[in-house]
Protein chains: 2
Amino acid sequence: MSQGNIAVTDQAGAVDPEKIEACTVLEVISRISGKWAIGILLQAMRGPVRFTALERSVEGISRRMLTLTLRNLERDGLLVRTVYPTIPPRVEYEATPRARELYETLSGLVGWAERHREAIAVSRVAYDGNTAC
Amino acid sequence: MSQGNIAVTDQAGAVDPEKIEACTVLEVISRISGKWAIGILLQAMRGPVRFTALERSVEGISRRMLTLTLRNLERDGLLVRTVYPTIPPRVEYEATPRARELYETLSGLVGWAERHREAIAVSRVAYDGNTAC
DNA sequence: CGGTATCCATCCAGATACTG
DNA sequence: CAGTATCTGGATGGATACCG
């Protein structure tokens, strides 16, 4: 279904073409499928955002998971990490154009979730009730 | 998990309001965020589809994960499960209107993934290469 | 401030075997 | 055909402590 030889040039630096195994759609989607990625991305699309700001606004996330998710998003070229070597240090994350292309889709998804979350909660209770008894 | 099979599709009945804790958007999204849910949903949106057909078309999925994901989607009212008590048995899954409202968004997501998967693969290799050396 | 490192519990998911 | 049951390794994620 897919080849592994590409020569796209939007990334700086030389990349060994042999190392590139084109991700499947599944792999790509599972990146933003994590528990936290969408929340982080939505914040970072509004503009540069700092580590602690994310820690506060993405509710329930641990320092560890924030770091891990940020690294993965950066790795996929969805976030840029900028370090200002001041004291105290300051790091900002911002969504890339690649991530911004997701915005419409993502907000569509969030909108759908908002419209249906109550009905889904009802369905769950109904389902659990029916199977439990 | 508790089981309650042999039931033909039923989604009615009274629900104890106290049991409903409205899901957060995060919880709702994480349901379709699983590794397999989107693939299954997209199939089931095309019309009723059988268990084995899904097993074949959702590449790489195990029997177990197919069952689990189907149950969860059914639980959230995104799929209806219909059992025809024939011999051999026959079970069909179809997307509900609630799930169908997701179609646009979902295909947007898949489209984005298809457009960017190669570039993302490049980014990953570049990132790994830079950090490794 | 913005992280790492480590330990540890839990959940996820594959392999395999069995069944109405 | 369409599942279920069980076992198990590995990934996931929280808690806590420490650091440049």
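Reminder, nothing fancy here: chain letters follow the sequence lines and each chain counts from 1. Below, each value reflects all heavy atoms present in this structure, side chains not excepted, and no hydrogens, waters or symmetry copies.
The stretch residues 64-79 of chain A participates, sequence neighbours left out, in these side-chain hydrogen bond (donor to acceptor under 3.5 Å, both in side chains) pairs: A/Arg31-A/Asp76, A/Arg71-A/Tyr93, A/Arg75-B/Asp128, A/Asp76-B/Arg124. The side-chain hydrogen bond (donor to acceptor under 3.5 Å, both in side chains) contacts involving residues 45-55 of chain A comprise A/Glu55-A/Arg63, where partners must be two or more places apart or lie in separate chains.
Both B/Val83 and B/Val49 belong to a single network of hydrophobic side chains, linked directly or stepwise wherever heavy atoms of I, L, V, M, F, W or Y lie under 4.5 Å apart.
Among the protein residues, A/Tyr84 comes within range of no part of the nucleic acid, since none of its heavy atoms lies under 4.0 Å from any strand.
The side chain of B/Pro88 sits closest to D/dC1 out of C/dG3, D/dC1, C/dC1.
Atoms CD1 (B/Ile87) and P (D/dA2) sit 14 Å apart, rounded to a whole Å. Distance, A/Glu55 CD to C/dC1 C1': 10 Å, rounded to whole Å.
With sequence neighbours excluded, the residues satisfying ring-ring contact (aromatic ring centres under 6.0 Å, His included) with B/Trp112 are B/His116. Residues passing the salt bridge (Lys or Arg N to Asp or Glu O under 4.0 Å) test with A/Arg90 are A/Glu92, sequence neighbours excluded.
Side-chain atoms of A/Thr105 do not come within 3.5 Å of backbone N or O of B/Thr105 as any donor-acceptor pair.
Applying a 4.0 Å cut-off to non-hydrogen atoms, the residues of residues 57-70 of chain A that approach DNA chain D are A/Ser62, A/Arg64, A/Met65, listed by residue number. For the segment residues 35-51 of chain B, residues with any heavy atom less than 4.0 angstrom from an atom of DNA chain D are, sorted by number, B/Arg50, B/Phe51.
Across all non-hydrogen atoms, the minimal contact from A/Ala119 to B/Arg98 is CB-NH2, 3.4 Å.
Salt bridge annotation for A/Glu94-A/Arg81: absent, with no cationic side-chain nitrogen under 4.0 angstrom from a carboxylate oxygen.
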